[in-house]
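Written below as structure tokens is the structure these notes are about.
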Amino acid sequence: MTSAPGPRPPAARHRPWPWCRQCTGLALDMGSARTRAWMSGRRSVLDVPTVTVPGDSATHPVQRGTIVDTPGTARMLNRLLGHRLPRFGRPLLILTTPVLGGITYRAEARTAVEVLRPRTVLTVPTARAVAVAADTDLTRPLLVLDIGAHLTEVTLLTDGAVTDARHTALGTGDLEGRTPAAQLTDAVGAMVTAMLDQDRTSQTLDALQRGVLLAGGGALRPDITYHLSRRLRAPVRSVPAPHTAAVRGAARLLQAAHAHPSATGIPDMAHPH
């Protein structure tokens, strides 16, 4: 007796990366000193200086969390990524943004990334991407401190969403001159104090007592971590590979969006193109 064949399993909605050429993904983090990118099908993060062209004539199109040269940013992205993208593919692109960059930054960034012919552009606050990279529990209030080369941001996340943020135009690149590390840690302390003073709930205090999540190049300097913990009187925990945490977190969100768009909370954290 021959049994009737059973129903076929449903076809997968997407072929998994990296074999789905039509579903190329790109995560991008543009800082004033370094630009980092992750592409589907690659295991490593591309990490290059944020300059318009290499050499003595190079200029810096991103400065202290602001895109000051949009065409120059586009040229940089095209040089870094243009030849790496499939010729006929249009990537899904997720871009980290400074928490206080606002509409202006997102508009300039989207104009610059058009050179990569994206199918869709999503943006995510850098702090949220860092938290995702660290596998942090986002159901509890969290303070994320991102110390870059020329910009430092402290962000309060509640249920994964930004509820308060501060920044200062200081970073590790400023410490090479006459600016001591203590000036940077004092600036962070002042920002956290202001957040505590203006918070009518206990969320900022709860997050501080939980401990600060530290990312960016500043997290690679033990002297900064030490002074921060003393200044804030709270635990300070560095994200693994803190200088690439933002782009790696964006890559994880990108992969989740590819598998199941509703799983990432994209409407809550990002702004579709």
Side-chain angles (χ1 to χ4, degrees), residues 29-34 36 47 50 60 62-66 96-101 105 125-134 136 138 140-158 162-199 201-249:
D29 177 50
M30 297 187 294
S32 57
R34 309 288 298 185
R36 298 174 174 104
D47 187 343
T50 305
H60 299 274
V62 182
Q63 298 180 15
R64 302 191 187 274
T66 301
T96 65
T97 61
V99 178
L100 298 177
Y105 183 93
T126 299
R128 171 72 186 265
V130 166
V132 170
T136 305
L138 292 176
R140 301 169 56 196
L142 176 69
L143 275 175
V144 178
L145 177 58
D146 183 17
I147 303 178
H150 303 113
L151 183 72
T152 296
E153 294 184 313
V154 58
T155 307
L156 175 65
L157 296 177
T158 306
V162 176
T163 52
D164 197 0
R166 301 285 192 280
H167 70 188
T168 182
L170 281 176
T172 56
D174 300 299
L175 304 183
E176 299 173 359
R178 298 180 180 180
T179 303
Q183 185 172 339
L184 176 58
T185 55
D186 285 346
V188 172
M191 290 189 290
V192 173
T193 299
M195 295 171 73
L196 288 166
D197 290 343
Q198 295 183 19
D199 188 356
T201 71
S202 63
Q203 292 177 345
T204 305
L205 180 59
D206 291 345
L208 186 61
Q209 292 174 341
R210 178 186 180 186
V212 177
L213 187 64
L214 180 61
L220 298 173
R221 294 188 47 161
D223 57 332
I224 291 179
T225 305
Y226 171 75
H227 286 296
L228 279 172
S229 61
R230 289 177 59 88
R231 179 66 174 79
L232 299 176
R233 297 181 181 179
V236 176
R237 175 171 63 95
S238 296
V239 182
H243 55 305
T244 62
V247 73
R248 289 186 290 106

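- Within the structure, side-chain hydrogen bond (donor to acceptor under 3.5 Å, both in side chains) contacts touching residues 205-214 (residues at least two apart or in different chains) are S202-D206.
- Evaluation of the side chain to side chain donor-acceptor pair (under 3.5 Å) rule for T244 yields R248 as partners, not counting sequence neighbours.
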| said: side-chain contact (heavy atoms from CB on, under 4.5 Å), that's the test. Do D47 and R34 meet it? Break it down for me. | reply: CA-CA 7 Å; D47 187 343; R34 309 288 298 185; 2.9 Å; yes
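- Annotation for L138 and A131: closest pair CD2-CB, 3.7 Å, computed over non-hydrogen atoms.
- Summarising the geometry, atom CD1 belonging to I147 is positioned 5.0 Å from atom CG belonging to L184; distances are rounded to the nearest 0.5 Å.
- The two residues A129 and A246 make their nearest non-hydrogen contact at CB-O, 3.4 Å.
- The nearest pair of heavy atoms linking D174 to A169 is OD2-O, 4.0 Å.
- Residue pairs satisfying the salt bridge (Lys or Arg N to Asp or Glu O under 4.0 Å) criterion with at least one member in residues 233-247, sequence neighbours excluded, are absent.
- Here the CE atom belonging to M191 is positioned 9.5 Å from the CG atom belonging to L232, to the nearest 0.5 angstrom.
- Applying the side-chain hydrogen bond (donor to acceptor under 3.5 Å, both in side chains) definition to pairs two or more places apart or across chains, those involving residues 146-156 are S32-H150.
- Of all non-hydrogen atoms in P98 and G65, the two that sit nearest each other are CG-O, 3.8 Å.
- Expressed to the nearest 0.5 Å, how far CG of L170 lies from CD of Q183 amounts to 5.5 Å.
- For the pair L142 and G211, the tightest heavy-atom approach, listed with the atom from each and the gap, is CD1-O, 4.4 Å.
- Looking only at distances, no side-chain donor or acceptor of S229 sits under 3.5 Å from a matching main-chain atom of A234.
- Contacts classified as salt bridge (Lys or Arg N to Asp or Glu O under 4.0 Å) and involving residues 220-230 (residues at least two apart or in different chains) are given here: R221-D223.
- Legend: residues meeting side chain to side chain donor-acceptor pair (under 3.5 Å) with T193, ordered by chain and number and at least two apart, are absent.
- L214 CG to I224 CD1: the interatomic distance, rounded to the nearest 0.5 Å, is 8.0 Å.
- In this view, T50 and T35 satisfy the side chain to side chain donor-acceptor pair (under 3.5 Å) rule, not counting sequence neighbours.
- Sorted by first then second residue, the salt bridge (Lys or Arg N to Asp or Glu O under 4.0 Å) pairs that include residues 180-194, not counting sequence neighbours, are D186-R231.
- Considering only residues two or more places apart in sequence or on other chains, D164 meets the side chain to side chain donor-acceptor pair (under 3.5 Å) condition with R166.
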| Where do H243 and R36 land on the side-chain contact (heavy atoms from CB on, under 4.5 Å) test, with the steps shown first? | CA-CA 9 Å; H243 55 305; R36 298 174 174 104; 3.9 Å; yes
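- For the pair T158/T201, no side-chain contact is recorded, criterion being any heavy-atom separation below 4.5 Å from C-beta on.
- Annotation: the span from L151 atom CG to Q63 atom CD amounts to 12.0 Å, rounded to 0.5 Å.
- Note that CG of L220 and OG1 of T172 are 9.0 Å apart. Values are rounded to the nearest 0.5 Å.
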| task | Carefully, step by step, assess L213 and V130 under the rule side-chain contact (heavy atoms from CB on, under 4.5 Å). | result | CA-CA 9 Å; L213 187 64; V130 166; 4.1 Å; yes
| message | side-chain contact (heavy atoms from CB on, under 4.5 Å) for L143 and V154? Distances and angles first, verdict last. | response | CA-CA 7 Å; L143 275 175; V154 58; 4.1 Å; yes
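- For L196, the side-chain contact (heavy atoms from CB on, under 4.5 Å) partners are V192, T204, L205, L208, not counting sequence neighbours.
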